[in-house]
Amino acid sequence: MRKIWTILILHLMAFFKSPGVLVLMFVMPVLFSGIFGGMTMNSEQNKPIVNVVLSDTENSGQILNLLAKDQHYEWKKATRQEAEKNVAAQDVAAAVVIPDDIGERISASKPLLDIIVQRKNESYLALSAHLEGTAGLVLRSYQATSKLDSDAFPKVLETITNNKGVTVEKQTIQKDKQTNVEANLMFVGFAMMFMMFGLSGAASTILEERMGGTWGRLMVSPASKLQIILGYLLAYFFMGWTQFAILMTTMNLMFATTWGNLTYLIPFASLVILSVVGFGLMIAGLVKTKQQASAISAVLIVSTCMLGGVYWPIDIVPELMQKIALGVPQSWAMSGFKEIISGSLHSATLMKDTLALVGFSAIFFFIGLRGIKFE
Amino acid sequence: MNMLTVQDLRKSFGSFEAVKGVNFSVEKGESYGLLGPNGAGKSTTINMITGLFPPNSGEIKIKDIDVIKNPKQAQKWIGVVPQEIALYQSMSARENLKFWGRMYDLSGSELEKSVDRVLEIIGLTERAKDKVSTFSGGMKRRVNIGAAILHKPELLIMDEPTVGIDPQSRNHILETVKHLNGEGMTIIYTSHYMEEVEYLCERIGIVDHGQLIASGTLSELRETIGDHSKIILSIDKESSNLEGLAQSLTGLFSEKDIQIQEQQVMVFHKEPQLILTDFIQSVAKTGTKITSVNIVEPNLESVFLHLTGRNLRD
């Protein structure tokens, strides 16, 4: 055990003394997560503005209140002239006109709300869905109160607005949570990619040591092969965990991110790190020089991270690509992390992800240990 | 008592047979040299003895421990100085020695004492805290040796430990090895520098093309060439009369003891002082101008030349 510990400490010390490795393993993922995480969070804070053109009637005011239930937009009153000018200048995402003649429009089966946009972009599509829903509510409220007093219609609209159980509010809560999960997965993805670069580079030091003679010297010492390889692998494992822990803490401090149930997260992250260590060992076992290892690692890491949903959600890629993604460990790792971080944990899914990663790790270690020359 | 016994050792790399049935033994406290040109099979033999890789066939025993069956048990008794500077360059000399000491089960105050003792032996106490990367080639070689003697091995195996260093560091290393051997440590020393092997080793094995072609003490090996010294007369190329020289010298010496070249005339003889005057006069009579005279005692170089027909550094 003492020999394993000695080798482990030696490599951890070398690791923490190496500026290149520190930048790759800590600075880069924190920087990337900070920049892209910040952008994601800011996109939530910088809501698109929608101008609302309305008359000074109670009905119009209540419809505006109903529209403003969707907090993804900033609803600002404007005159028609101002609104058209703002839309033309792209200062606002769109303008909504609430007409005075609601009753006449309903009778004539005309659209209840007018929308002014310059381009039908993503923002317009989301807004139009909300406008359709609101118009439907207005229509049903008007029909329900058509035989009652004229005050009844705005009162119904007010009641609906004050009702917290309306669909719009519910959707908003779900979307915020989803956004956080996606941002957290992005942090995990960056951590995993840079960990793969860092640890595959670290594992290829075995090749350098073979050339330099220290590997051979270790082999002719009384330390067994098992002790030597365990010393190296445990050092890489601790490097991986240090990186992951630092990234988790930093992101928590910067963006108040949550990481789900630690009881599941810690063992699953350990398994992911183990498979990354195995990947590094496999590269070291397949090539002859550190330069070859760097070149092959770069190609394999970038391509498999793309396939495995590290850079973007795997759900948005074509079905064929999603099937191909099953052949890379990153897709299983991201799926498992998503399960844990989202909080809606399905044991069966997590178990499937875990078993897949165990399989990948076993293959990587088998190839790596067969390839490494213990002489 | 034999410290090391090597019997019929063979090793091939693909179709290339690197070691072809090597046999030798080294007694406790002895210093044994393996001499041979680069690529002769010395390092392959050493690597098999240290247990780095197994032979295809043969037997290796260190203190009666079968190295092939129990390499880790045997490795406790040996110290290995590899040909490469097998050290961590970013670490200090002391850190390196402590690391390698721990690999040989040293710890605590015993480790500290060993490191201090070794730093003194290799003459680097003052530079103990400096990074190895800042050392000269000779200093690195000394730390390389230090890392192998921390645990006071009974058998020290050194594979070309003086390659590429300055004469001063080489002398320091040779003196260190002599000192360690004087303290009772058994030494196996491989080199292609015959002077080092002559100076350090009681017995010498000459290796060529994967075979041990001769083995014995220096005087025993000299005997194989009849213990003849070589008188070399350097001559002026312009004034030399090669035909006249051949006629003049064959009257004095037998033909097999004479070698005439464009700028050198050589005669092999057991007692060079007795024939030196006659030799010089015979050459001078032909009108050839002599520029220098040199008498070379029989050495390992001439033994190797005699045995293989090649120079050691060919």
Side-chain angles (χ1 to χ4, degrees), chain A residues 1-23 201-236 239 288-290 369-375, chain B residues 11 13 43-44 46-54 62 65 67 70-92 95-96 98-108 111 131-133 140-141 143-145 147-148 150-151 153 155 157 159-160:
Chain A
M1 190 64 201
R2 191 181 287 155
K3 288 181 185 125
I4 298 172
W5 186 249
T6 304
I7 296 169
L8 187 155
I9 294 293
L10 172 92
H11 287 281
L12 281 184
M13 273 169 59
F15 167 71
F16 285 115
K17 279 182 185 173
S18 164
V21 178
L22 289 178
V23 167
S204 60
T205 55
I206 291 177
L207 299 166
E208 267 190 340
E209 289 208 31
R210 276 201 71 209
M211 300 290 282
T214 43
W215 181 256
R217 187 166 218 162
L218 276 172
M219 290 300 149
V220 298
S221 77
S224 67
K225 286 175 189 170
L226 183 68
Q227 286 172 322
I228 293 166
I229 201 71
L230 271 179
Y232 277 79
L233 296 181
L234 282 174
Y236 304 147
M239 286 177 204
K288 285 182 177 170
T289 65
K290 199 174 179 186
L369 290 171
R370 270 184 75 93
I372 296 283
K373 288 192 170 67
F374 289 94
E375 56 186 48
Chain B
K11 181 72 183 178
F13 297 103
S43 292
T44 307
I46 289 297
N47 287 336
M48 287 188 283
I49 293 170
T50 57
L52 187 60
F53 48 72
I62 293 174
I65 302 166
V67 175
N70 304 302
K72 292 294 153 193
Q73 208 185 329
Q75 280 159 352
K76 287 177 187 171
W77 301 101
I78 62 174
V80 183
V81 182
Q83 206 174 109
E84 309 87 11
I85 311 278
L87 300 168
Y88 294 101
Q89 303 285 326
S90 61
M91 284 162 52
S92 70
E95 284 169 341
N96 263 288
K98 283 174 91 165
F99 173 79
W100 292 110
R102 288 191 185 105
M103 287 297 109
Y104 283 87
D105 296 316
L106 297 177
S107 61
L111 175 64
K131 278 186 182 179
V132 169
S133 58
K140 286 177 184 174
R141 289 263 168 216
V143 184
N144 208 29
I145 293 171
L150 280 157
H151 60 294
L155 174 62
I157 300 172
D159 190 7
E160 309 245 13

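Between the side chain of Arg102(B) and the main chain of Thr6(A), no donor-acceptor pair closer than 3.5 Å is present. Judged purely by atom type and a 3.5 angstrom limit, Lys72(B) has no side-chain atom pairing as donor or acceptor with the backbone of Val220(A). A distance-only check finds no donor-acceptor pair linking the side chain of Arg2(A) to the backbone of Leu106(B) [under 3.5 Å].
For Gln227(A), no part lies near chain B; criterion is any non-hydrogen pair under 4.5 Å. Both the backbone and the side chain of Ile7(A) have a heavy atom closer than 4.5 Å to some heavy atom of chain B. Contacts of Asn47(B) with chain A are absent, with no heavy-atom separation under 4.5 Å from either backbone or side chain. Looking at Leu218(A), both its backbone and its side chain come within 4.5 Å of chain B, counting heavy atoms on both sides. Both the backbone and the side chain of Ala147(B) come within less than 4.5 Å of a heavy atom of chain A.
In terms of heavy-atom pairs under 4.5 Å with chain A, the best-connected choice from Met103(B), Lys98(B), Glu84(B) is Met103(B).
Nearest heavy atoms, Tyr104(B) versus Ser221(A): OH-CA, 3.6 Å. Leu10(A) and Tyr88(B) make their closest contact through CD2-CZ, 3.5 Å (heavy atoms, listed as atom of the first residue, atom of the second, distance).
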- [ ] Decide yes or no on side-chain contact (heavy atoms from CB on, under 4.5 Å) for Thr50(B) and Met219(A), but give the supporting numbers first.
- [x] CA-CA 9 Å; Thr50(B) 57; Met219(A) 290 300 149; over 6 Å; no
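The line from CZ of Arg217(A) to CG of Leu52(B) is 12.5 Å long, rounded to the nearest 0.5 Å. Within the model, atoms CZ of Phe99(B) and CE of Met13(A) stand 10.5 Å from one another, a figure rounded to the nearest 0.5 Å. A distance of 12.5 Å separates NZ in Lys373(A) from CZ in Phe53(B), rounded to the nearest 0.5 Å.
Within 6.0 Å of NZ in Lys225(A) there are 12 or fewer heavy atoms belonging to other residues, nucleotides or ligands.
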